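The structure under discussion appears below in the form of structure tokens.
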Amino acid sequence: MRLTILGGGGFRVPLVYGALLGDRAAGRVTHVVLHDLDADRLTAVSRVLAEQAADVPDAPEVTATTDLDEALRGADFVFSAIRVGGLEGRAADERVALAEGVLGQETVGAGGIAYGLRTVPVADDIARRVARLAPDAWVINFTNPAGLVTEAMSRHLGDRVIGICDSPVGLGRRVARVLGADPREAWIDYVGLNHLGWVRGLRVDGRDELPRLLADPRLLGSFEEGRLFGPDWLRALGMIPNEYLHYYYFNRETVRAYQEAERTRGAFLRDQQARFYAQAVRPGTSALAAWESTRAEREATYMSENRDTAGAGEREADDLSGGYEKVALALMRAVARDERTTLILNVRNGRTLAALDADAVIEVPCLVDAGGAHPVAADPLPDHATGLVCSVKAVEREVLAAAASGSRATAVKAFALHPLVDSVGVARRLVDGYTAAHPGLAYLR
């Protein structure tokens with residue numbers, strides 16, 4: 001099989017290739033095409049992959065190109081992990097938002113809207129090209145904001161685009177682990193949008209074990225979400241929220257922590273990865289060793305401001321190994337080989353959540369087979385969660401409308417309606433700030 005990775009010069013690409021190296025079954029990926037607009041980044045990542053494959057017989061062949069059409073032709077799967085505007089764009093998103101006293105995180109709040117406005121036009125173009133050049137390919141989208149971008153691409157590709165995220169996987173694994181259950185044998189009742197979902201139950205042998213967790217303050221305080229949100233709040237919710245909901249439930253505290261931080265997350269990653277890419281192409285340097293040390297630092301500092309605000313401490317060792325590459329490989333295997341499995345994915349709603357229309361992309365457990373991902377019917381969310389899901393989905397729709405029309409007024413509406421902005425005046429200043437900071441938003445008029 002031929003796998004094309006868009007954003008092939010991205011820092012996380014070696015995770016995907018490493019997972020492919022461990023797949024020895026028939027029907028595996030034999031050719032990986034890396035596509036990126038930055039030839040130097042492609043060179044650096046290609047060096048890392050070459051070292052990874054050095055002692056692996058029959059490792060997937062790797063080629064690299066800056067030509068998108070060339071990369072897409074003949075693809076069986078397309079993995080999309082692009083970053084429009086790069087990490088400098090992410091850092092600018094954070095700065096503009098924090099100057100207005102609102103959150104600039106890349107997928108949540110003002111930062112997520114700005115990133116979406118930059119990314120959706122590019123994702124639209126990619127989806128159209130896939131439909132024309134590789135109509136039988138399946139697109140696996142990890143480009144953030146993942147739910148919004150997947151929904152944009154689905155308007156051209158239908159159910160042949162599926163969004164993935166490692167956050168629900170990690171959450172389900174932690175909940176199962178603290179309950180003494182094998183995550184592979186537990187049914188995780190999870191529902192919501194990308195970076196806006198909740199674990200409502202964990203069933204082992206037909207029995208829901210989540211009430212046992214919620215009734216035990218000691219157990220609740222023993223894993224990351226328990227420390228992040230606090231046992232009392234989790235018991236009040238009656239659910240375990242995705243870690244990104246910390247930005248909603250503790251917004252003021254988080255914004256203050258981000259404003260007081262020496263550097264924003266985007267600025268930290270920008271500087272860190274600049275060092276890696278410079279080091280990886282240096283003669284006589286192990287690109288793989290440089291990548292591994294950089295990744296360890298990256299994972300250890302993930303959401304550090306939120307953990308500091310909550311007094312949650314350091315991340316656990318089991319949570320430093322990533323996971324989205326495993327979801328991507330399991331998804332490809334299930335579709336290509338009809339190896340039926342259950343995964344939490346971003347897919348079109350259909351009739352899964354009654355509060356949303358059929359085309360809305362949601363994040364829920366799906367049964368996956370050769371026909372794609374099929375969402376499992378879900379019970380309604382509590383009113384407070386339904387309200388938040390509907391509110392954020394309405395904002396996503398305004399982002400899609402602004403990207404399609406180029407309407408500045410619609411972009412202002414998207415910002416103003418977001419529950420973490422909630423001010424028309426701030427929304428107008430955000431649009432002014434973002435259009436000044438990003439040439440890619442010049443289409444708004």
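Quick caveat: nothing in here was measured; it's all calculated off a predicted structure. Only heavy atoms go into these numbers, but all of them, side chains included; no hydrogens, no water, no symmetry mates.
Pro380 pairs by the side-chain contact (heavy atoms from CB on, under 4.5 Å) definition with nothing, not counting sequence neighbours. Legend: residues meeting side-chain contact (heavy atoms from CB on, under 4.5 Å) with Val389, ordered by chain and number and at least two apart, are Leu193, Leu196, Trp198, Leu356, Leu381. Residues meeting the side chain to side chain donor-acceptor pair (under 3.5 Å) test with Asp338, sequence neighbours left out: none. The salt bridge (Lys or Arg N to Asp or Glu O under 4.0 Å) test applied to Arg351 returns no partner, not counting sequence neighbours. Taking the side chain to side chain donor-acceptor pair (under 3.5 Å) definition, one finds that Glu292 meets it with nothing, sequence neighbours left out. Take Tyr434 and apply the ring-ring contact (aromatic ring centres under 6.0 Å, His included) test, not counting sequence neighbours, and it matches Phe415. Under the ring-ring contact (aromatic ring centres under 6.0 Å, His included) criterion, Tyr115 pairs with no residue, sequence neighbours left out.
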| field | From CA spacing to verdict: salt bridge (Lys or Arg N to Asp or Glu O under 4.0 Å), Asp189, Arg200 | value | CA-CA 5 Å; Asp189 180 6; Arg200 303 185 301 181; 3.3 Å; yes

| message | Please evaluate residues Asp271 and Arg275 with respect to the criterion salt bridge (Lys or Arg N to Asp or Glu O under 4.0 Å), reporting the C-alpha separation (whole Å), side-chain torsions for both, the decisive distance (0.1 Å), and the verdict. | response | CA-CA 6 Å; Asp271 298 343; Arg275 292 193 299 271; 5.8 Å; no

| CA sep, side-chain torsions, deciding dist, call: Asp182, Arg173, salt bridge (Lys or Arg N to Asp or Glu O under 4.0 Å) | CA-CA 8 Å; Asp182 184 341; Arg173 183 177 63 235; over 6 Å; no

| Is there a side chain to side chain donor-acceptor pair (under 3.5 Å) between Glu94 and Tyr258 once you walk through the steps? | CA-CA 9 Å; Glu94 294 164 337; Tyr258 272 66; over 6 Å; no

| request: Start with the C-alpha distance between Asp166 and Lys326, add both sets of side-chain angles, then the distance that settles salt bridge (Lys or Arg N to Asp or Glu O under 4.0 Å), and finish with yes or no. | output: CA-CA 9 Å; Asp166 49 359; Lys326 298 173 185 175; over 6 Å; no

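One N or O on the side chain of His418 and one on the backbone of Leu420 form a donor-acceptor pair closer than 3.5 Å. Panel note: side chain Tyr17, backbone Ala53; no donor-acceptor pair is recorded below 3.5 Å. Between the side chain of Glu225 and the backbone N or O of Leu171 there is no donor-acceptor pair closer than 3.5 Å. Judged purely by atom type and a 3.5 angstrom limit, Glu51 has no side-chain atom pairing as donor or acceptor with the backbone of Ser286.
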Enumerate donor-acceptor pairs with a distance under 3.5 Å from any side-chain N or O in residues 56-65 to protein atoms, sequence neighbours excluded.
| residue | atom | partner | partner atom | Å |
| --- | --- | --- | --- | --- |
| Thr63 | OG1 | His31 | NE2 | 3.1 |
| Thr65 | OG1 | Asp67 | N | 3.0 |
| Thr65 | OG1 | Glu70 | OE1 | 3.4 |

Just list the side-chain donor-acceptor pairs under 3.5 Å for residues 106-113, sequence neighbours left out, or say none.
| residue | atom | partner | partner atom | Å |
| --- | --- | --- | --- | --- |
| Glu106 | OE1 | Arg83 | NH1 | 2.9 |
| Glu106 | OE1 | Arg83 | NH2 | 2.9 |
| Glu106 | OE2 | Arg90 | NH1 | 3.3 |
| Thr107 | OG1 | Gln105 | OE1 | 2.9 |
| Thr107 | OG1 | His195 | ND1 | 2.8 |

Identify all side-chain donor-acceptor contacts of residues 72-82 below 3.5 Å with residues at least two apart in sequence or on another chain.
| residue | atom | partner | partner atom | Å |
| --- | --- | --- | --- | --- |
| Asp76 | OD2 | Arg2 | N | 2.8 |
| Ser80 | OG | Thr143 | OG1 | 3.1 |

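Listed by first and then second residue, the salt bridge (Lys or Arg N to Asp or Glu O under 4.0 Å) pairs that reach into residues 140-152 are Glu151-Lys393, Glu151-Arg397, sequence neighbours excluded. Screening residues 140-178 for ring pair (Phe, Tyr, Trp, His ring centres under 6.0 Å), with sequence neighbours left out, gives Phe142-Tyr324.
Within 6.0 Å of the CZ atom in Arg340, the count of heavy atoms belonging to other residues, nucleotides or ligands does not exceed 12. Atom CG of Asp55 sits in a sparse spot, with 12 or fewer heavy atoms from other residues, nucleotides or ligands closer than 6.0 Å.
Side-chain contact of His246 with Asn251: a donor-acceptor pair under 3.5 Å is absent, judged by distance alone.
A salt bridge does not link Asp136 with Arg160: every distance from a Lys NZ or Arg NE/NH1/NH2 to an Asp or Glu carboxylate oxygen is 4.0 Å or more.
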